[in-house]
A.B. asks: 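Input: one structure, supplied below.
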Amino acid sequence: MQIKSLWACIFNRHVKQTSDDTSILNRYWKQPRPSEFLSQHAQTIRAVVGNATAGADAKLIDALPKLEIVSSFSVGLDKIDLTKCKEKGIRVTNTPDVLTDDVADLAIGLMLAVLRRICECDKYVRRGEWKFGDFRLTSKFSGKRVGIIGLGRIGLAIAKRAEAFDCPIKVMDALGPSGVLINIGRGPHVDEPELVSALVEGRLGGAGLDVFEKEPEVPEQLFGLENVVLLPHVGSGTVETRKDMADLVIGNLEAHFANKPLLTPVV
Amino acid sequence: MEFMAEHQPSKVHQPPEIIVLGPPSVFKLYYKQFSSRFRVLRPWESPLSLPRFLTAEAQNTQAALISDGIRLTSAVLHHLPSLRLVVATSAGINHIDLVECRRRGIAVANAASIFSADVADLAVGLLLDVLRRISAGNRFVKGGLWPMQEAYPLGFKLGGKKVGIVGLGSIGLYVAKRLEAFGCAISYSSRKEKPSVSYAFCPDICKLAANSDILVICCALTEQTHHMISREVLLALGKEGVLVNIARGAVVDEKELVSCLQSEEIGGAGLDVFENEPSVPKELHELNNVVMSPHCAVFTEESMRDLYELMCANLEAFFSNKPLLSLIPEE
């Protein structure tokens, strides 16, 4: 069945293949003149597929009068104007649960990478510096207090893993000069300029960041800091999980257009 | 019968005398503190050869602190006639002639399991780095490449993977406990089955590798385990398999490991140890699915402090005729 939908963002091969099978069209991110494209196709587009960086804001929703459903390739909904969707009776779905483990794994991976300086150690060996002496002492991870902001599915999964390292889980208060900040949530949760100056000035012990205020832009002052590990928003970036997420996105779209109950509705 | 090292009282009002061989990193880090608690003989500062130094200075020395870089053979022990205690700064003691020590009535104490958490943490950290491309991703972002590249290659999920642990001692158990919390299924190989654990025992290393997605080496280096991780085992682990080694480089046939990684017969490796440290095969430097660290699994501030305190506690117990804290029992 042909579902005319607007793909706001880039997808992986699996999703592309599935979409080709069901004749889903319109790769919006490839359009050189987006507003022209929108006015040309406005009357036929019934679905939008977004992700963590490109969703459905008020402007896009207004430009698509036939829009029925926004299916997000993410669990975060900050790029979707939920109020507007509710007003207009537009359904919204996301991809909860399937990516919980991967994001929690990455959070722990970043904690270990920062405290044990794993990326720096790898660089040390690759540069041949080991011949001149041992790497310096790093910080133990096991037993350290882990503070989690947001005890939803991901937060709880992080807590479960941290407990296996005998890390007590604490209510968050201010981080001191030996504190390490891990952000696998959303860039805007953190005051980025303040974070950068705290790190540069040594007021914060370190950071592991997978998300930023204006991806893919990352403050260059962080590039030279060995106590900072930076990743290009790969929290759910495994072959297994992206397949599961894609299946949910397509599954939700197919359910909607077959008038069946949505798999993971938000609105 | 419990073996207790017997200290013969030395001169009054003098800190007890110890000889340090190596010297071990922990001694260098805590030099001032050791020197204030003990009178320390330092052979590496002498122009004399070790045997001559020992003959000249250490005939009455009863306790030795030794690094794992020193082979404590009967020849060395011959020059230490008053020795009653050897304190090793590592968990492994294959560098010490235990039989000769027993024969001479010398007690041996080691680092027991104080490092186990740190070593296990590094094993998990290296594994997550390989699967989720953390070091590679860090290089990518810090190289300013993110805005230029549309899609970053995907990693692989850790949860649900089958982990084979080679050697279920203190470190192996800590690794198992951590990986279970990530949703991994644990099996192990060991000299003997451990009835007190619920993990599946698989005595055949090849079978363990064939049934695992991830192999973590946590065993001691012995004649039996030398090159135990052979080409056969690596091929059994397979194209998507990941090897993590935080034990000793020589447990793995390094030449075969490099060849399997280059020809993509295995999926990736996280390595803290190598056969000829600090030399590391150049071929590994080019590979993004390999993460390496310079044999530093125990080198955290906390472990070094814990080690310093344990070494002192053992030495002070000896000099007060009290039981040692980490005596290696006679088997």
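Order of the sequence lines sets the chain letters (A, B, ...), proteins ahead of strands, with each chain counted from 1.
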A.B. asks: Would you mind telling me which of Gly159(B), Ser293(B), Ser279(B) has the largest number of heavy-atom pairs within less than 4.5 Å of chain A?
C.D. replies: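 The option with the most such pairs is Ser293(B).
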A.B. asks: Quick one: does Thr238(A)'s side chain get under 4.5 Å of Leu154(B)'s, heavy atoms only?
C.D. replies: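 A side-chain contact under 4.5 Å is absent here.
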A.B. asks: Please say whether more than 12 non-hydrogen atoms of neighbouring residues, nucleotides or ligands are located less than 6.0 Å from CD in Glu201(A).
C.D. replies: yes
A.B. asks: Given that the side chain runs from C-beta out, which part of Lys144(A) has a heavy atom under 4.5 Å from chain B: side chain, backbone, both or neither?
C.D. replies: side chain
A.B. asks: For Met292(B), which atoms come within 4.5 Å of any heavy atom of chain A: side chain, backbone, both, or neither?
C.D. replies: both
A.B. asks: Report yes if the side chains of Ser135(B) and Asp122(A) come closer than 4.5 Å at any heavy-atom pair, otherwise no.
C.D. replies: yes
A.B. asks: What parts of residues 177-187 of chain B touch chain A if we use heavy atoms and a cut-off under 4.5 Å?
C.D. replies: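 So far as heavy atoms go, Lys177(B), Arg178(B), Ala181(B), Phe182(B) are the residues that approach chain A to under 4.5 Å.
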A.B. asks: Which heavy atom of Asp121(B) sits nearest a heavy atom of Leu112(A), and at what distance?
C.D. replies: O-CD2, 3.7 Å
A.B. asks: Considering all heavy atoms of both residues, which atom of Asp105(A) and which atom of Arg132(B) are nearest to each other, and what is their separation?
C.D. replies: CB-NH1, 4.0 Å
A.B. asks: Is it the side chain or the backbone of Phe274(B) that comes within 4.5 Å of chain A heavy atoms, both, or neither?
C.D. replies: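 The answer is the side chain of Phe274(B).
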A.B. asks: May I ask you to test the Phe165(A)-Tyr174(B) pair for a side-chain heavy-atom distance under 4.5 Å?
C.D. replies: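 Of all side-chain heavy-atom pairs linking Tyr174(B) with Phe165(A), none is under 4.5 Å.
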A.B. asks: So with a 6.0 Å cut-off around CZ of Phe34(B), is the heavy-atom count from everything else above 12?
C.D. replies: yes
A.B. asks: Is Arg139(B) close to Cys119(A) at the side-chain level, that is, under 4.5 Å between some pair of heavy atoms?
C.D. replies: no
A.B. asks: Is the closest side-chain heavy-atom distance between Arg126(A) and Glu286(B) below 4.5 Å?
C.D. replies: no
A.B. asks: Under a 4.5 Å cut-off applied to non-hydrogen side-chain atoms, are Leu137(A) and Leu29(B) in contact?
C.D. replies: yes
A.B. asks: For Glu240(B), does the CD atom sit with more than 12 other heavy atoms under 6.0 Å from it, leaving out its own atoms?
C.D. replies: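 Count not over threshold, so no.
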A.B. asks: Evaluate the side-chain contact (heavy atoms from CB on, under 4.5 Å) criterion for residues Trp146(B) and Glu215(A): first the C-alpha distance (whole Å), next the side-chain angles of each, then the deciding distance (0.1 Å), finally the verdict.
C.D. replies: CA-CA 9 Å; Trp146(B) 193 7; Glu215(A) 298 170 14; 3.6 Å; yes
A.B. asks: Given the rule in the side-chain contact (heavy atoms from CB on, under 4.5 Å) test, do Cys296(B) and Arg136(A) qualify, once you have shown the distances and angles that lead to the verdict?
C.D. replies: CA-CA 9 Å; Cys296(B) 55; Arg136(A) 54 197 159 292; over 6 Å; no
A.B. asks: May I ask you to decide whether Arg116(A) forms a salt bridge with Asp118(B), counting only side-chain N to carboxylate O separations under 4.0 Å?
C.D. replies: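 Result for this pair is yes, salt bridge flagged.
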A.B. asks: Under the salt bridge (charged side-chain N to carboxylate O under 4.0 Å, His left out) criterion, do Glu240(A) and Lys161(B) qualify, and how do the steps go?
C.D. replies: CA-CA 11 Å; Glu240(A) 297 90 335; Lys161(B) 292 279 168 19; 2.9 Å; yes
A.B. asks: Which distance, rounded to the nearest 0.5 Å, do you find between the CG of Leu158(B) and the CD1 of Ile108(A)?
C.D. replies: 11.0 Å
A.B. asks: Non-hydrogen contacts under 4.5 angstrom with chain B: give the residues of residues 223-236 of chain A involved, or none if there are none.
C.D. replies: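 Within residues 223-236 of chain A, the residues that come under 4.5 Å of chain B (heavy atoms only) are Phe223(A), Leu225(A), Val228(A), Val229(A), Leu230(A), Leu231(A), Pro232(A), His233(A), Val234(A), Gly235(A), Ser236(A).
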A.B. asks: Using every non-hydrogen atom in the two residues, find where Ile134(B) and Leu110(A) come nearest and quote the distance to one decimal.
C.D. replies: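 Between these two residues, the closest heavy atoms are CD1-N, 4.2 Å.
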A.B. asks: Is any side-chain heavy atom of Val280(B) closer than 4.5 Å to a side-chain heavy atom of Trp130(A)?
C.D. replies: yes
A.B. asks: Any chance CD of Glu129(A) has more than 12 other-residue heavy atoms, nucleotides or ligands included, within less than 6.0 Å?
C.D. replies: yes
A.B. asks: Chain B heavy atoms under 4.5 Å from Leu115(A): which part of the residue, side chain, backbone, both or neither?
C.D. replies: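 Answer is neither: Leu115(A) stays 4.5 Å or more from chain B.
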A.B. asks: Taking Glu302(B) for the side chain and Lys140(A) for the main chain, is one N or O donor matched with an acceptor at less than 3.5 Å?
C.D. replies: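 Present.
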A.B. asks: Between Arg133(B) and chain A, which part of the residue has a heavy atom less than 4.5 Å away: side chain, backbone, both or neither?
C.D. replies: backbone
A.B. asks: Taking side chain as everything from C-beta outward and backbone as N, CA, C, O, which of these in Asp101(A) sits under 4.5 Å from a heavy atom of chain B? Side chain, backbone, both or neither.
C.D. replies: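 Side chain only.
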A.B. asks: If we only count heavy atoms from C-beta on, is the Ile118(A) to Leu122(B) side-chain gap below 4.5 Å?
C.D. replies: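 Touching, per the 4.5 Å side-chain cut-off.
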A.B. asks: For Thr138(A), is it the side chain, the backbone, both or neither that has a heavy atom under 4.5 Å from a heavy atom of chain B?
C.D. replies: both
A.B. asks: Step by step, work out the side-chain contact (heavy atoms from CB on, under 4.5 Å) result for His295(B) and Phe135(A).
C.D. replies: CA-CA 9 Å; His295(B) 199 159; Phe135(A) 195 77; over 6 Å; no
